[in-house]
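Below is one structure; the comments refer to it alone.
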Number of protein chains: 2
Amino acid sequence: MSKQVARFCTIGASFVMLFTLYGCAVSTDEILVENQNAYIEALKNVQPGGTIKLADGVWEDFEILFTGIGTAEKPITLTAQTKGKVILSGQSNLRLAGEHLIVSGLVFKDGYTPTSEVVSFRRNNEELANNSRITEVVIDNYNQPERYEVDFWVLMYGKNNRFDHNHLVGKRNKGVTMAVRLNTIDSQENHHRIDHNYFGPRPILGSNGGETLRIGTSHYSRTNSFTIVENNYFDRSDGELEIISNKSGRNTFRNNTFYQSRGTLTMRHGNNNLVEGNVFFGNGADHTGGIRVINGGQTILNNYMEGLKGTRFGGAFVVMNGVPNSPINRYDQVKDANISRNTIVNSDNIQLAAGSDAERSAAPVDSRFANNLIFNADGRDTFTIYDDVSGIDFSDNIIGRAAPNSLGYGFKVMDINMSRAENSLLYPEDNGIENVGVSRDLKPTSKDATGVDWYPKAEPLIAFSSGQTIEVQPEEGALFNAVQAAKAGDILLLVPGHYVVSKFLKLDKPLTFKGADDVHISYERSTLFQIEDGGSLQLINLNISGADAPDNAGNSVIRTSPYAMLQNYRLEIIDTSFSDLDVNHSFNVMTVAKGTFADQILVRNSTFADVTGAVFKLDKESDDFGIYNAEYLTIGNSTFDNIKGALVDFYRGGTDESTFGPHFSLQNSTLSNVGSGKRNKSKSSMQLHGVQVTDMSGNIFKDSRPFLINHTVGEPKTRITKNKFVATPAPLVSELNSGLAPTAVLQDNEGINP
Amino acid sequence: MSKQVARFCTIGASFVMLFTLYGCAVSTDEILVENQNAYIEALKNVQPGGTIKLADGVWEDFEILFTGIGTAEKPITLTAQTKGKVILSGQSNLRLAGEHLIVSGLVFKDGYTPTSEVVSFRRNNEELANNSRITEVVIDNYNQPERYEVDFWVLMYGKNNRFDHNHLVGKRNKGVTMAVRLNTIDSQENHHRIDHNYFGPRPILGSNGGETLRIGTSHYSRTNSFTIVENNYFDRSDGELEIISNKSGRNTFRNNTFYQSRGTLTMRHGNNNLVEGNVFFGNGADHTGGIRVINGGQTILNNYMEGLKGTRFGGAFVVMNGVPNSPINRYDQVKDANISRNTIVNSDNIQLAAGSDAERSAAPVDSRFANNLIFNADGRDTFTIYDDVSGIDFSDNIIGRAAPNSLGYGFKVMDINMSRAENSLLYPEDNGIENVGVSRDLKPTSKDATGVDWYPKAEPLIAFSSGQTIEVQPEEGALFNAVQAAKAGDILLLVPGHYVVSKFLKLDKPLTFKGADDVHISYERSTLFQIEDGGSLQLINLNISGADAPDNAGNSVIRTSPYAMLQNYRLEIIDTSFSDLDVNHSFNVMTVAKGTFADQILVRNSTFADVTGAVFKLDKESDDFGIYNAEYLTIGNSTFDNIKGALVDFYRGGTDESTFGPHFSLQNSTLSNVGSGKRNKSKSSMQLHGVQVTDMSGNIFKDSRPFLINHTVGEPKTRITKNKFVATPAPLVSELNSGLAPTAVLQDNEGINP
């Protein structure tokens, strides 16, 4: 309901065009609206200095168009009756167009935008917002239902806009979370400010299009943006290889915290940017990276990187080689880079002249690398030099507790100890060291200082076995009913006996199924378990038989939802046996659907026998868009016997290099008679196509088809060591597109062909 | 609410075990129950002769277990308060176990069974129903949401059961509609009766598993069933190649009507069956068939077949060759067949010794073919003889108005006229013909005589342009809003102008988009149209551009729902142009998802230019389960210019022979520079893998990649005639599995290589 009284609106003819566009505003201070029509009316009437408040509650399918002409002194405000109590759900979104507009206090959740943008600083190509601000807005898991349908949460257009103290968490579908667009002159040299935002966990996408923040595009990358990104907190921004993708000039990235985030702050395109006072905590997690430098005039000053395990382009600190006279979408040479006073501690990789090859032949020039502190407690040399780096002037750097690096000059090796200061960063205990590494007064942006205080920064995952233990008896329907009643994290403890399951066990929460002793399960539908969005599955100490499954081609024991899943799932199989998966052809242990993604599939101490399909069928992203079905498949101490299909069909097509995975590990396991079925298209015991990291060691292959590894892009890491091949051909590794010599490491393997 | 009063139940110890199983019954006549608990109580108390009535209304998620011991005089009945007003919806089903049980009057709709059976004459493997009856029950589109998830609507177990006057319509997922099981001794020699049922339209499944009725399985096929199937009406039972699959002995198929149903009554396994007095009306529809004879002792008497266009094993009348000493799942030799007094009129194919090959070498023996009448108004010879048929005694047959068949004996050629009698069948006008063809008193079972009179036998499809015409202006959101408001069959008439569409146009009903003149459409999301379950799309006289689509790999103009669709859809593109589908790679005109199926895709007088993907991407069923994405793709008088992908990627994998499609036709069209993109995996301008019927004629191919045809099974019909190839290699046809010589017909094509 609106508080204001409708008034007759008299305006001169000269104003008509303007007010036709932005509504006829009359004087009023604050209008509370309770429905969409009231909002439209209020917008017509609100004056500079006025505020429209949305009433507390859930607003379903509200496409907010907020237009108006405020002034610096008298902005027009759209806010919530109570911040955090106004929920935009269903098919809602927000567009701003005009001058001096402020939006605050709204929460987008439980839905997704019907267009391609949730929050946009424009109405359409012509009508943009300037001098406007969005603050204290929450966007929480507001995703397109299709994982690989592209959309964007925040797009900044226009000039002099600010986006601050917002909370963005759980973007799970394709598309950068937030971007600054420079696509028309009215959006260039924009002087936007993006500050104090909480960029909450963004899980691994398993495709490109998972950046958290992008500024510009390659097309406008030689244009200046003058955007300031400061005091933001990036919490596990794991979407893809680039956390921030800078693609324009004269931007500032200052005092942001990157907490355990895979990927790097990448200065992909654009010149003369400043990266200063940022803090990266890797916590030793896979693929956590720091800063990657490309292009001219970049300043990298006083940044702190700790515990970053990233490799190659995803290292803790990377300076790339460029392409001579590079096309706009390739790599400009690094020139005039100033890299000073940074601390890189307990991190794995510093890469210089990285990417050097026939095309990227232009090494860095006119650059300096000075007063940086590099420390590794384990003493390893973190530097890799790929080309001539004489164009970088190294001086006054200190390497602590490590062998001298391969450069041999510009670095002083000192046996120092590091200790943590009050600001949570590590500094040399020897206070005689001055002006090397980050300054003592660097103050990392804390999580609490970002986002809003009225919305929780929740943890994204519920661990297996973190809930109650519930005992289940082998009675008709008991297991099905127990699944319905269980809560996320619970353990269903099956007492000894034979369980016959007549319905699908569908999981929309993490559950553990644990056998006491001598627990046998059979089932009558085409799968036993179906992992739905939000579900994860842990199996411990069970014996599962497919003997009662229908006489139907394509059964499984475990499968994902047939629909795309936004939430990544986990599957763990421990001390469990599978048998009799042979009532018809193509019976797989695990089948996945397109648009689903496993963070982790783990198998330990388990046995698989008599399977007419594959054990793990992870090959549904056949479009060659660089998408794949699982990040880690890790198998140890298990046996596979008489498997007609492959142990694994793992497929990651395409040739882009924007993801770290997939990863495959097989250790100390035995395969006997695997892959011989006539329907096994790959004619192999395993096919790994486009897998980025492979580690196979201590396995025995008997009477099996060979395994195939196709390297499709870049420099995948493949290690095949200490395996024994009995009446099984040697593995076949192919380099499909890279043009490189084979890069796989095959060592200490033993072939026995009786 | 139960009408009866609870009584103290005194029973002798000797009855305890029996009544523990089936409930403690007390005397009562009729119990009306209003909820599931009341039903369970009533079942405990109902006595022989008693009736439980379910209250009118919708019963959600009711898994009815109906058990009891009635007598022939005093059965126990479960019925509806008002027949047709009791709806079982959600996750409901029905199991019967016991003796002399009757169920009637229930309707299953708006849901699906949580187990693999909707209606089952058993509780579990041990507890079956005998002497029981299900009558006047409706199952209407009660399907698993996943098209290729297998389940069954009616499974008969036990003995002496009857299934009559039921109405089964719209089984759209995998799995035979109804089956008689012989899997234990207690279900063999069962003397079931299946009569007066309405088997309503079952659409094309696009896979095996689409039979309407099956009796037995190959495993028990040498067992007698003694099942009677009579007076049923099979209305457009188009699921797959077998309408009825008989797989056991001594069954009777009597006086059933097969109305415009694709496939045949197939005597696939089992001996000594009687097929008598059945009527087949093909109405000239594709693949309508009659009776297919295999095995020993079959009697085929007094059946009428008219207007059947089926070919090969799907012909109007087929006698197969067998395999000497056949394994139980192959083909037993035809022996002692008695084929008499049948009329086969205006039908295309009678096949004798069909399937003769190196394996199927045993021609029919000890059989007679007598007093049959064959008439074709167009005078064609319908007989094809594949092997030695001297084991069939041909006598006293008449061929009307046709050349003598290739046998040359046992047939009298007469120049007769046929006219329709009161029973709707055609008979020779010359009444001098006696005892040849079907008897004058054959009375076909009418649709009205089957099913129930309280449930409509509705038509399954809504035709394009059968509704209102609604004018649409080129204003923001107008087209989107018009789609929401339109009704099935409506025409949206677009006035001249440029339409920019910012949201997906999702269709869950058949709609026509028709341009007045000079109508241009562009769109901002990854597809313009999305066909959802229930939707179909007709485009007439439009110009569609992809120029405003997102910079995203894998856009489309039209796509299906990403989810499986139960309803087959239709797409027609007429007088329409497509251009600028090149903002990023892999931009297709049409993309389909796994688990979707088009009845028909039709293109006429249309142009397609500058496409980075494929025009029709129909290759999502890559599991090689014999599934495919579209039945007919028919293109005429169209041009395709600068297409990086293929004109069509059509994939039907696997080697089973249970489907008639897919079909592909390309006529009088021009392809220029088609298929040259580096991401085009097939490196062809068209790839047809497993297509069953291909007809390409009068086309011009310029500067294009070759087209590829892979014959995967059986005897696909491929005709490539009168095409011109300019700077384009000749088509490549491969026989992948059949071991046959190439069967494609290539005639009158012209190659020009400048």
Side-chain angles (χ1 to χ4, degrees), chain A residues 63 91 113-117 123-125 144-152 174-175 207-209 217 219 476-477 480 500 502-504 524-527 548 550-555 561-564 585-586 591 593-595 613 617 619-620 622-627 653-656 679 681, chain B residues 63 91 113-117 123-125 144-152 174-175 207-209 217 219 476-477 480 500 502-504 524-527 548 550-555 561-564 585-586 591 593-595 613 617 619-620 622-627 653-656 679 681:
Chain A
E63 297 181 51
Q91 311 254 307
T113 177
T115 62
S116 53
E117 304 168 10
R123 177 183 188 166
N124 54 33
N125 264 326
Q144 302 291 318
E146 285 306 295
R147 185 178 183 96
Y148 297 114
E149 183 62 55
V150 65
D151 75 352
F152 309 97
K174 186 178 174 187
S207 159
N208 66 3
T217 56
H219 192 68
E476 187 181 309
F480 179 87
V500 181
S502 67
K503 301 179 187 177
F504 297 120
E524 299 178 342
R525 300 223 55 185
S526 61
T527 194
D548 290 338
D551 182 8
N552 173 57
N555 292 335
S561 166
Y563 305 151
H585 72 81
S586 308
T591 306
K594 200 171 165 65
K617 194 89 177 143
D619 61 350
K620 289 303 184 292
S622 54
D623 293 322
D624 290 348
F625 293 164
I627 304 176
T655 54
D656 84 74
R679 292 175 182 271
K681 275 191 191 182
Chain B
E63 298 181 50
Q91 311 254 306
T113 178
T115 61
S116 53
E117 304 169 10
R123 178 183 187 166
N124 54 34
N125 264 326
Q144 302 291 317
E146 286 305 296
R147 186 177 183 97
Y148 297 115
E149 183 61 56
V150 65
D151 76 351
F152 310 97
K174 186 178 174 187
S207 159
N208 65 3
T217 56
H219 192 69
E476 187 182 311
F480 178 86
V500 182
S502 66
K503 301 179 188 175
F504 297 121
E524 299 179 342
R525 299 221 57 184
S526 61
T527 194
D548 291 338
D551 182 7
N552 174 57
N555 292 333
S561 166
Y563 305 149
H585 71 81
S586 307
T591 307
K594 198 171 167 63
K617 194 88 177 144
D619 60 351
K620 290 302 184 292
S622 53
D623 293 321
D624 291 348
F625 292 164
I627 303 177
T655 54
D656 84 72
R679 291 175 183 272
K681 276 192 192 178

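Fair warning: this is a prediction, and the values are worked out from it, not measured in the lab.
To the nearest 0.5 Å, the span separating CD on A:Glu524 from CG on B:Asn125 amounts to 7.5 Å. Taking CG from B:Asp619 and OG from A:Ser622, the interatomic distance works out to 7.0 Å, rounded to the nearest 0.5 Å.
Residue contact with chain A, scored on non-hydrogen atoms closer than 4.5 Å, involves the side chain of B:Lys174 exclusively. Only the side chain of A:Phe625 comes within contact range of chain B, with at least one heavy atom under 4.5 Å from a heavy atom of that chain. B:Glu476 touches chain A through its side chain: at least one heavy atom from C-beta onward sits under 4.5 Å away, while N, CA, C and O do not. For A:Asp624, the parts sitting under 4.5 Å from any heavy atom of chain B are the backbone and the side chain alike. Neither the backbone nor the side chain of A:Thr217 comes within contact range of chain B, judged by heavy atoms closer than 4.5 Å. At a 4.5 Å heavy-atom cutoff, B:Thr527 makes no contact with chain A through either its backbone or its side chain. The part of A:Glu63 that comes within reach of chain B is its side chain, from C-beta onward, which places non-hydrogen atoms under 4.5 angstrom from that chain.
By number of non-hydrogen pairs under 4.5 angstrom with chain B, the leading residue of A:Lys594, A:Lys681, A:His585 is A:Lys681. Residue with the most contacts toward chain A among B:Lys503, B:Gln91, B:Lys620: B:Lys503 (heavy-atom pairs, distance under 4.5 Å).
In this structure, a donor-acceptor pair under 3.5 Å is present between the side chains of B:Glu149 and A:Ser526.
Without hydrogens or angle criteria, B:Arg525 side chain to A:Pro114 main chain gives a donor-acceptor distance under 3.5 Å.
The shortest distance between side-chain heavy atoms of B:Tyr148 and A:Pro562 does not fall below 4.5 Å. Residues A:Phe152 and B:Pro550 have side chains not in contact (no heavy-atom distance under 4.5 Å, counting atoms from C-beta outward). The side-chain heavy atoms of A:Arg679 and B:Asp623, taken from C-beta on, include no pair separated by under 4.5 Å.
Closest non-hydrogen pair, A:Tyr563 versus B:Pro145, comes out as OH-CB, 4.1 Å.
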